[in-house]
S.K.: 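Before I ask anything, let me first share the structure, which is written out below as structure tokens.
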Amino acid sequence: MRGVSRNGTVRIAIAGLGKMGIMHTSMIQAIEGAEVAALVEPSGGLGKQVASMGVDVKTYPDIHTCLKEARPDGVIVSTPQFTHRSLAEACLEAGVAVLTEKPLAHTVEDARAMLEAAKQKPDVPAGVGYMLAHNPLFDEAARLVREGGLGEVKSCRASCFLSQVFKPSVGWTFTKDKAGGGVVINSGSHLLYVIQKIMGGVAGVQARSSGVHNPVEDTFGALVDFESGAWGTINISWSVPGYEFQTHDLMIEGTNGTIEVGNEVLRVWLVDERAGYSKGWTEKRRSETEPKAALSLSPDYCGDEFFLEDQDFVRAIAERRQPKVGWEEGLRVQLFLDALYRSAEARDYVSVER
Amino acid sequence: MGGDLLSTRRMLSGGKPGEARAGARHSTSAHFARPAMMQAALEHARAEGMDQVVSIGEARLFEALQAAGNRAPQILPIVPNIQGFMREAVEHGIVGAGIQRVRRMGLAPLMGLGVRGVTRLPRLAQRDFPTMLLCFIELELADFRSFDPPAIFLQAQVTDLALAMDNPRILAAFVDAVRRLSGGAPGFMTHNFGRLAEKCAIWGLPLGAAISPWEETGAGMRPDRTMCEKALEETGAALWGDRSGHVEAPGEAERKYLRRTGASGFLRDDNAALGLDEAERLPVAV
């Protein structure tokens with residue numbers, strides 16, 4: 001693996017300057033001990049616009065030239081998912097740490113290939129941007145389930161809603177070949193990550209989907225069987241009103257109580273005191289729970305989590321370790337996604353591949 | 001300015017992060033879709049002593065303000081309307097959304113900005129972000145001119161982007177536009193008050209008014225509560241504590257913290273501020 005720069009500053013290149021690329025650029029600028037070393041974007045206009053926001057670094061038209069000339073310590077890949085594999089493999093090949101935006105790829109095939117490539121370079125940090133991993137409320141919900149706070153877990157209800165798509169839309173996000181699907185892979189994959197984190201592995205699914213306005217799915221529902229024997233339901237849509245910011249909500253039921261957890265609040269109700277929680281209701285707000293970000297662009301939608309995710313990547317490079325969410329977990333989400341899409345298409349029960 | 005400010009955020013967006021349940025969000029959204037309900041909320045807030053309302057510019061707000069007449073609070077604009085812009089960016093990308101917005105303005109409004117508008121065309125063609133932002137701000141300010149606002153706030157994500165990017169040009173452009181085009185004072189919404197105070201001092205920018213998270217638990221106060229309190233003491237800015245996410249009205253303990261730290265009041269959109277009684281909301285099946 002390439003070492004950290006001589007002055008101790010971790011130098012990060014940002015590949016892809018859409019909405020997420022600009023967000024990552026600003027976060028890296030704000031993280032102590034890190035700096036933006038270069039930008040990668042084939043569209044010259046985007047490079048100029050980001051430079052005018054206050055980033056005085058060179059914009060490269062391709063990743064290979066950037067890796068060769070700018071020699072960054074790490075690259076954040078915030079391009080459309082169908083480009084993740086080639087960019088990430090170029091970074092690994094050069095021994096440069098890489099954090100891809102979610103999902104890991106647009107197909108299981110690409111995700112598997114990326115994981116195989118990463119295994120060949122075990123010392124190179126390789127992460128994926130499931131930023132809810134950095135929200136301590138979901139960590140706490142997972143701990144409660146793991147330590148038996150809920151007793152035997154029976155079921156969960158999970159939803160992800162956003163008010164975004166109310167007409168036929170254009171762009172790669174709405175193209176199956178490039179995005180891999182619609183609302184589930186583009187928005188709901190965060191929820192799928194969290195479901196597996198809390199509930200454990202998924203055995204099989206029975207799913208249905210509809211394109212309300214687009215050829216890709218705009219609304220989605222599924223019944224899920226977990227390896228533990230518990231079951232759950234999932235509802236995901238980006239075509240419902242009242243959700244200016246994307247929500248991720250789970251309700252988990254067990255023999256000793258329930259957990260409701262979302263971006264902002266964790267509510268626990270227990271029949272009997274257990275796992276550090278008293279009987280009855282306990283509520284924790286994200287804004288009052290550590291860790292918090294030193295700087296946030298948008299606390300209403302996971303601003304702390306984006307900062308903490310990038311900070312974790314920078315620290316992983318400096319400490320020569322893997323990021324909090326690695327590509328094995330990224331592939332697990334991809335296999336879950338794949339089963340959901342296969343089931344929706346076949347309108348039949350589908351087992352999750354291993 | 002002093003006392004609590006009303007926020008229209010919940011009225012215009014139909015929900016807030018604290019309202020985790022779908023039923024509550026949909027109910028709020030449906031309730032305030034009726035201009036008469038928005039007018040009623042404005043009049044209620046004024047009657048409760050909130051003499052000013054902080055808002056982005058939207059047609060139904062202007063309609064409600066006009067209908068309420070002098071029973072409505074005075075408006076303090078938030079510019080630019082970044083939420084609308086980001087919605088377009090999902091489909092068209094950041095640059096695409098910017099270009100679409102400039103195109104929608106047409107040449108006439110750009111010319112209407114005077115010599116400055118014309119001289120900006122080359123920079124707009126170069127996709128210079130501060131220039132593009134300045135055009136949006138100036139055009140949105142024009143919508144508020146007839147209300148003669150005593151203060152205008154820069155939207156939080158723009159303030160915080162400038163802080164993250166360490167770019168004084170963005171904030172300076174806003175201050176300059178407000179001074180040139182209105183009789184109001186420039187203010188900043190931010191989630192990073194400590195850093196804002198530090199940077200304003202370094203960049204030589206005025207920090208007369210700000211809206212930022214402010215509560216005794218330190219929730220949302222960045223980089224931390226101690227730094228924020230120190231920054232407020234040193235700058236002497238008028239600061240309103242943003243209570244986004246709270247459904248209940250501020251209690252006496254919160255008021256006490258406000259007074260102790262020298263903050264001016266709260267930015268409120270809780271049920272009591274909006275005159276929103278659960279029983280009065282439209283029934284919505286979810």
Side-chain angles (χ1 to χ4, degrees), chain A residues 17-19 21-23 25-30 43-55 159 161 163-165 167 169-171 173-174 238 240-245 247 249 260-265 267 285-289 292-301 303-304 307, chain B residues 9 12-22 24-30 33 83 86-87 89-99 123 126-132 156-157 160-170 191-192 195 213 215 217-224 244-245:
Chain A
L17 299 179
K19 197 169 56 170
I22 291 172
M23 189 281 297
T25 304
S26 64
M27 290 293 101
I28 294 298
Q29 290 273 91
S43 157
L46 279 169
K48 280 180 191 166
Q49 186 171 55
V50 174
S52 73
M53 289 177 182
V55 188
S159 65
F161 293 127
S163 307
Q164 184 174 290
V165 179
K167 62 180 174 60
S169 307
V170 295
T173 309
F174 306 94
W238 56 20
V240 285
Y243 299 90
E244 184 185 348
F245 301 102
T247 59
D249 291 306
E260 290 176 50
V261 62
N263 297 359
E264 303 290 333
V265 185
R267 293 189 187 94
R285 285 168 61 197
R286 172 67 182 105
S287 58
E288 294 168 354
T289 310
K292 292 176 198 159
L295 183 138
S296 178
L297 277 191
S298 170
D300 296 329
Y301 184 62
D304 285 85
F307 182 94
Chain B
R9 181 178 149 186
L12 295 176
S13 75
K16 63 198 260 178
E19 287 185 320
R21 289 181 180 79
R25 285 171 192 265
H26 283 133
S27 183
T28 306
S29 182
Q83 287 93 337
M86 292 314 282
R87 270 194 292 272
V90 171
E91 201 171 340
H92 302 289
I94 296 282
V95 170
I99 290 170
R123 282 197 158 195
Q126 288 290 309
R127 296 169 176 184
D128 182 70
F129 180 75
T131 306
M132 196 180 273
Q157 270 180 299
D160 294 334
L161 181 72
L163 296 176
M165 295 290 198
D166 206 15
N167 186 352
R169 261 185 80 204
I170 295 172
H191 300 108
N192 305 281
R195 190 177 289 225
E215 56 180 284
T217 61
M221 294 169 72
R222 291 181 180 85
D224 58 45
S244 253

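Protein chains get the first letters and strands the later ones, always in sequence-line order, with residue 1 at the start of each.
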S.K.: Report the distance from atom CE of Met53(A) to atom CE of Met132(B), rounding to the nearest 0.5 Å.
M.R.: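 It is 9.0 Å, given to the nearest 0.5 Å.
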
S.K.: Which of the residues Ala294(A), Ser43(A), Gly303(A) is involved in the greatest number of heavy-atom pairs with chain B at under 4.5 angstrom?
M.R.: Ala294(A)

S.K.: At what distance, to the nearest 0.5 angstrom, does CD of Gln49(A) lie from OG1 of Thr131(B)?
M.R.: 10.5 Å

S.K.: Which atoms of Ile170(B) come close to chain A, meaning under 4.5 Å heavy atom to heavy atom: side chain ones, backbone ones, both, or neither?
M.R.: side chain

S.K.: What pair of heavy atoms forms the shortest contact from Lys292(A) to Ala219(B), and how long is it?
M.R.: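 Looking at all heavy atoms of both residues, the closest pair is NZ-CA, 4.5 Å.
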
S.K.: Using every non-hydrogen atom in the two residues, find where Gln157(B) and Leu297(A) come nearest and quote the distance to one decimal.
M.R.: CG-O, 3.2 Å

S.K.: For Asp304(A), enumerate each residue passing the salt bridge (charged side-chain N to carboxylate O under 4.0 Å, His left out) test, keeping only those at least two apart in sequence or located in another chain.
M.R.: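 Here the qualifying residues are Arg222(B).
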
S.K.: Which atom names give the shortest non-hydrogen contact between Leu161(B) and Ile22(A), and what distance separates them?
M.R.: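 Of all heavy-atom pairs spanning Leu161(B) and Ile22(A), the closest is CD1-CG2, 4.4 Å.
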
S.K.: Going from OG on Ser287(A) to NE2 on His191(B), what distance comes out if it is rounded to the nearest 0.5 angstrom?
M.R.: 11.0 Å

S.K.: If you take all heavy atoms of Ala164(B) and Gln29(A), which pair is closest and at what distance?
M.R.: O-CB, 3.3 Å

S.K.: Quick one: what part of Asp166(B) sits under 4.5 Å from any heavy atom of chain A, side chain, backbone, both or neither?
M.R.: neither

S.K.: Report the option among Ala30(A), Gly21(A), Ser26(A) that has the most heavy-atom pairs separated by less than 4.5 Å from atoms of chain B.
M.R.: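 Answer, by heavy-atom pair count under 4.5 Å with chain B: Ser26(A).
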
S.K.: Working to the nearest 0.5 Å, report the span between CG of Asp128(B) and OG of Ser52(A).
M.R.: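 Rounded to the nearest 0.5 Å, the CG-OG separation comes out at 4.5 Å.
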
S.K.: How would you list, by chain and number, every residue that makes a salt bridge (charged side-chain N to carboxylate O under 4.0 Å, His left out) with Asp224(B), sequence neighbours excluded?
M.R.: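 Partners of Asp224(B) by the salt bridge (charged side-chain N to carboxylate O under 4.0 Å, His left out) criterion come out as none, since no residue qualifies.
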
